Asks: 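Submitted below is the structure of interest, expressed as structure tokens.
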Amino acid sequence: MGIHVVIQPLVGYGAAVVSPSPGVRQLVAGSEETSFIVQVPARIGGLMDTARFAQSLAAAASEFSEWCETQHRTRSHSSSFHDQWSDAVTRKERLITRT
């Protein structure tokens with residue numbers, strides 16, 4: 001059984017490396033109210049395992065960011081919902097008058 005955390009970011013969400021005490025670093029993502037934290041496990045090999053995880057996370061985050069930006073560009077419309085609806089009604093009326 002696993003734990004799944006779903007974050008749907010809001011304005012102001014971000015990520016940072018913090019140092020809560022000398023010699024300790026954590027990766028924190030989210031907001032002040034809600035966040036997830038990546039810590040180095042206190043075991044032999046923990047630093048390298050965490051480094052690989054962080055590198056993998058960074059690569060996946062970059063790919064996901066590029067996808068989101070592309071989707072934003074292709075899905076964004078400059079016209080308002082009202083204008084889009086008016087255009088759809090006008091097209092429908094044209095089709096009806098042709099038949």
Side-chain angles (χ1 to χ4, degrees):
M1 178 195 279
I3 296 174
H4 300 274
V5 177
V6 176
I7 294 179
Q8 295 179 335
L10 300 173
V11 172
Y13 276 36
V17 175
V18 299
S19 185
S21 60
V24 176
R25 291 212 174 172
Q26 299 173 334
L27 172 61
V28 179
S31 69
E32 289 182 13
E33 295 84 30
T34 306
S35 63
F36 70 88
I37 299 171
V38 177
Q39 297 179 327
V40 176
R43 61 175 169 72
I44 296 172
L47 284 166
M48 286 310 301
D49 291 342
T50 306
R52 282 190 289 273
F53 173 74
Q55 291 165 351
S56 173
L57 184 62
S62 179
E63 180 182 337
F64 186 65
S65 170
E66 290 174 13
W67 179 84
C68 288
E69 289 175 352
T70 300
Q71 294 302 306
H72 174 72
R73 284 192 300 273
T74 61
R75 294 182 186 186
S76 295
H77 300 285
S78 58
S79 61
S80 69
F81 176 77
H82 175 71
D83 293 340
Q84 294 173 26
W85 181 253
S86 297
D87 291 344
V89 170
T90 303
R91 285 192 299 271
K92 183 177 178 184
E93 289 171 349
R94 286 186 202 145
L95 289 173
I96 292 172
T97 56
R98 289 183 188 168
T99 56

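All residue numbers in this chain count up from 1 along the given sequence. Because the structure is a prediction, the values reported are computed rather than measured.
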Asks: For the atom pair OG (S21) and CD (Q26), what is the distance rounded to the nearest 0.5 Å?
Replies: 8.0 Å
Asks: Assigning hydrophobic clusters by single linkage (Ile, Leu, Val, Met, Phe, Trp, Tyr; side-chain heavy-atom cutoff under 4.5 Å), is F36 placed with L27?
Replies: yes
Asks: Do V40 and V24 sit in the same hydrophobic cluster, where Ile, Leu, Val, Met, Phe, Trp and Tyr count as joined when their side-chain heavy atoms come under 4.5 Å apart?
Replies: no
Asks: Are any side-chain N or O atoms of S19 and backbone N or O atoms of R25, one a donor and one an acceptor, separated by less than 3.5 Å?
Replies: no
Asks: What residue pairs, at least two apart or across chains, pass side chain to side chain donor-acceptor pair (under 3.5 Å) with a residue in residues 38-55?
Replies: R43-D49, D49-R52
Asks: Return all side-chain donor-acceptor pairs below 3.5 angstrom for residues 4-14, not counting sequence neighbours, or 'none' if the list is empty.
Replies:
none

Asks: Show which residues join M48 in its hydrophobic cluster (side-chain heavy-atom contacts under 4.5 Å, direct or indirect), or state none.
Replies: none
Asks: Can a donor-acceptor pair be found, under 3.5 Å and without considering hydrogens, that links the side chain of S65 to the backbone of A61?
Replies: no
